[in-house]
Structures are given as structure tokens and as C-alpha cells.
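Atom set for the values below is all heavy atoms of this structure, side chains included, hydrogens, waters and symmetry mates excluded.
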Amino acid sequence: MKPRIYWAPPYVAALIMGALSFPGLASALTLEQALSVAEQDAPSLHAQAANLEAARSAAIPAGELPDPKLKLGLQNVPIEGDARWQLEQEAMTMQMVGVMQDVPNRAKRRARVEAAQASVALANAQQTVERLGVRQATAEAWIASFAVEQKLSLFKQLYSENQLLSRAVEARIAGGSGLTADSVLPRQEAALLAEQEDELLRNQAVARAGLRRWIGELAGQPLTGDWPQWLAAIDNYQHNLNRHRALLAFDPMTREAEAKVHQAIAEKTPDWSWGIDYLRRGREYGDMVNLSVSFDLPLFTSSRQDPKIAAERARLAQIEAKRQATLRLYNQELSTDLAEYQRLDRALIRLDKTLLPLAEEKVRLAMADYRAGNGELTAVIDARRQLVETRLRRIDVARDRSLSNARLHFAFGDTRP
């Protein structure tokens, strides 16, 4: 598999960033380095890490009992007669301090724990989804930048070939066998090449800005390597369809919805509470203690608990339906992407084996005819233009194949947590 890319620990990414910041230590950025830096530096991944930590912290008290309640009060205070508003003159007047504890039923507490655990799993899945998205976006940005770099490096060769053509034309004119007007054509070709190069420089700035979004200022480094390929059998992609990153969140979402159904059902089971109160009376009267237990009475389930249960079950059915719709969507996407990748792969092979060699041969033959006096310079220029277009198209097809390959890999191949 080429290249085989693994997640790098934080210290590896730190070493990469440190090394690339010194030109003497490293002068170019590989795709593997870009992916490692993006995984450690992307703000969206830091946000998802914080979300996961929040879910884990929120899950800790999920199954605990509510906080107890402190009760303070006065009972049986007279408001008439000689003893009104006196706390120690009436035998029934008492100062109260007590504690009350609510106890939700066990099924409800268990459902809350299940919902909290599902929330943690969902946050973990969301972090994985974001990480894969960052990796894919970084790979696509690197490939787009690499394609522009390849085209710009090609133009150095094109200018050199243009100079050779110009000297050949001047030599033929000097020998008396060429037209004076022909001396303009190589300069026109050079000007057209400069226009194309200007457009590429614009594209380079755009592509580098896209890469900078994911790896920061390291995007200014030159790129090195080759067109990335992640080779995998079609059956492997099909096998991983259910683990597409867009589907990863559905399992914890389903678990969370099921927990909420259980929690709604548990509402039918009464909660209860207990309390103890200490009652203090005047000095000549004895103090008292109250013990109490209370229970909820879910008597009207048809208008209270049953509608809640039906609502949560409907939400569960909605999640499952969305999962099936998403699965069908990405099954179609897999077939489409595979067909596109195979088309681009065949196109690249055709360019390398047929179209590019033929374009080069046409230039050689046209130049040979021109030097022998049997052909026009316009034929040479036209053949060279076709060769330039074929070379640039070769880079475009290689770029598109790598982008298609990246979409397949990060959607259906790289599904590790």
C-alpha cells in the first residue's frame, strides 16, 4: 500500500513542526507529515476533544441520587392570644430541622446511565468523524497544491524547449531556408506559456491557502513525494460501507434513543423519597422526631407517561430510518466513486502509454520535417501546443485520480477509531 499512513503521536507531530521550521533540517513537506501535523493542530479536533471530555465528565453523576434537601421551619406558632408569636409558651410550637432524600426508581437511574454512556460514545464517534474529515481535507489540499507544483516545474522544461525551438528557427533563417516571419512564432509561444504560468501562480496561491487552513504556516514549505495511492480491493471498500464515517454516529445515537425510551417507560414506576425531622419545643416540653416516606402516584399514564414513551419510540424509528437512507446514499456514492476512479486510472494509463508518446513523436516528426524543409513552422508550433496540453492534462488526470482515491480511502478504507 502506498503510502501507508498511520496516526502520529503528539510528540511526532511536534518534531515534524520543529524540523520543518529550520530550512537546514528539512526543505520539503510530505503528505504523511502534513497529515500528522493536521491531526495535532486542527482547531476542530481540539473542539471535539473538549466535547468528549465534557461528555465523560457529565456521565459521572448520571446514576447518582439527587442531592438531599435540608428542611428548616416552625410549626404550630400561635398567632392569637397572650402567647401569640411566642415560641416557648405553646406545647405544640416546634422548631424543625430535617433532611429529605428523593430516590428515583432503579430503572430510571439505569436508563440515565445508559443515556450518559451513549453520549460519551457519540462524542467519541464525532471525534473520529472529524479526524477522518480533517485527514481527507488535508490530503485533498496537499494533492491540489502538489498538482500546481508539478505544472510549474513542467514549465521550466517548456521554456527550455522553447529556447531550443527559437534557436533552430534563427539558424534556418540565417541559412536562407526559413521565412523571416517565422521568428515571431517562438516568441508568441513563449508569451502564451507565460500567460498559462501566471494563471498557475494564482492557482498556487489559492491551493496553498487551502493547505494553510489545516497545517498553518508549514503550508509555505515546498512539497515532495509522488502522487499518493491507497490501494484496496473493491470488496474491502464494500465491507467497510457500514463503517463509513457518516454512519459512525448512528450506533451511539440509537443507544441514546433506546435509553430515553427506557427512561420514559421508567416514569410509570413510582419514585419515592424519605425524610427525617427533628422538632424542638420549649424547655418544659419534650422534643420530637418525624420519619416520613412518600411515593409518586403515576395514575394518569394514558395522558402523561404513554405519550412520552410514544414520542421517544418515534425518535428511535426516525434515527433508524435516517441510518438506512444514509446507508443507501453512500452505497450509491461508493459505486459512483469506484467507477470514476477506474475511469481515471484507465485514462492515466492511456496517457502514459499512448497519448503522451504520440504527442512527443508528433513534435519530433514535425520538427524533422521543418528542418528538412518539408514542413511549416506552424505545424511544429501546433504539435508543441498539443504536447503541452497533453502534459498538463496528464497532471490533471493524476490529480483527479489521487483525489478520487482519497475520497474512497477516507470514506470506505480508513475507518479506524
Side-chain angles (χ1 to χ4, degrees), residues 7 9-10 13 38-71 99-135 137 242-275 294-296 298 301 304-323 326 414-417:
W7 177 83
E39 280 198 61
Q40 302 303 323
D41 195 48
S44 60
L45 289 179
H46 294 314
Q48 288 299 331
N51 181 52
L52 177 58
E53 181 62 28
R56 287 172 174 166
S57 297
I60 295 173
E64 300 296 323
L65 294 176
D67 290 333
K69 298 175 182 178
L70 176 65
K71 297 169 59 179
V99 176
M100 177 177 288
Q101 175 67 63
D102 293 328
V103 183
N105 67 75
R106 184 174 298 178
K108 185 182 293 185
R109 298 203 305 272
R110 184 167 56 247
R112 289 174 181 170
V113 171
E114 292 171 357
Q117 291 173 343
S119 295
V120 173
L122 178 59
N124 192 51
Q126 289 170 339
Q127 185 181 46
T128 300
V129 169
E130 185 62 28
R131 182 184 60 79
L132 292 174
V134 167
R135 284 171 61 82
N242 285 310
R243 295 201 293 270
H244 187 284
R245 69 172 184 264
L247 296 168
L248 292 179
F250 279 99
D251 280 343
M253 287 169 61
T254 299
R255 287 168 50 194
E256 187 176 32
E258 289 173 344
K260 289 182 178 179
V261 171
H262 298 158
Q263 191 170 343
I265 293 174
E267 295 286 345
K268 286 188 172 184
T269 302
D271 294 338
W272 64 285
S273 61
W274 59 265
S294 63
F295 296 88
D296 292 339
T301 58
R304 294 178 182 174
Q305 285 79 18
D306 288 347
K308 291 182 180 180
I309 294 171
E312 297 301 338
R313 283 176 172 164
R315 291 190 182 96
L316 177 60
Q318 178 191 27
I319 291 172
E320 183 56 32
K322 283 186 176 180
R323 178 192 179 97
T326 305
D414 186 6
T415 58
R416 57 188 171 80

(request) Under the salt bridge (Lys or Arg N to Asp or Glu O under 4.0 Å) rule, what do Glu267 and Lys108 come out as? Steps first, then yes or no, please. (result) CA-CA 7 Å; Glu267 295 286 345; Lys108 185 182 293 185; 3.4 Å; yes
(request) Give the minimum heavy-atom separation between Leu247 and Arg323, together with the two atoms involved. (result) CD2-O, 3.9 Å
(message) Tell me which one of Arg112, Lys308, Arg313, Glu312 satisfies side-chain contact (heavy atoms from CB on, under 4.5 Å) with Lys260.
(response) Glu312
(message) Using modelled atom types and a 3.5 Å cut-off, is there a donor and acceptor pairing between side-chain atoms of His46 and backbone atoms of Gln40?
(response) yes
(request) Measure across Val113 and Gly63 and return the closest heavy-atom pair with its distance rounded to 0.1 Å. (result) CG2-CA, 3.4 Å
(message) To the closest 0.5 Å, what do you measure between CZ (Arg245) and CZ (Arg135)?
(response) 11.0 Å
(request) Please check if any side-chain donor atom of Gln101 sits under 3.5 Å from a side-chain acceptor atom of Ser273, or the reverse. (result) no
(request) Locate the shortest heavy-atom distance separating Ala259 from Ala115; write the atom from each residue and the value. (result) CB-N, 3.4 Å
(request) State, with a plain yes or no, whether a side-chain heavy atom of Val134 is found less than 4.5 Å away from one of Leu45. (result) yes
(request) Tell me yes or no: between the side chains of Gln126 and Asn51, is some donor less than 3.5 Å from an acceptor? (result) yes
(message) Would you say that Asn105 contacts Pro270 through its side chain, given a criterion of any heavy-atom pair below 4.5 Å between the two side chains?
(response) no
(message) With rounding to the nearest 0.5 angstrom, report the CD1 to CZ distance, Ile309 to Arg304.
(response) 14.0 Å
(request) Taking the side chain as every heavy atom from C-beta outward, state whether Glu114 and Glu258 have any pair of such atoms under 4.5 Å apart. (result) no
(message) Quick check: closest heavy atoms across Asp102 and Lys69, and the distance to 0.1 Å?
(response) OD2-NZ, 3.3 Å
(request) Could you tell me whether a side-chain N or O of Arg56 sits under 3.5 Å from a main-chain N or O of Val120, the two making a donor and an acceptor? (result) no
(request) With the side chain counted from C-beta on, respond yes when Gln127 and Arg131 share a heavy-atom pair under 4.5 Å apart, and no when they do not. (result) no
(message) Counting C-beta onward and ignoring hydrogens, is there a side-chain heavy-atom pair between Leu122 and Glu256 closer than 4.5 Å?
(response) yes
(message) Do Lys71 and Val99 make a side-chain contact, defined as non-hydrogen atoms from C-beta onward lying under 4.5 Å apart?
(response) no
(message) Any non-hydrogen side-chain atom of Val129 less than 4.5 Å from a side-chain atom of Gln48?
(response) no
(message) If you define the side chain from C-beta out and look only at heavy atoms, does anything of Met100 sit under 4.5 Å from Trp274?
(response) no
(request) Can you spot which of Thr269, Asp296, Asp271 makes a side-chain contact (heavy atoms from CB on, under 4.5 Å) with Pro104? (result) Asp271
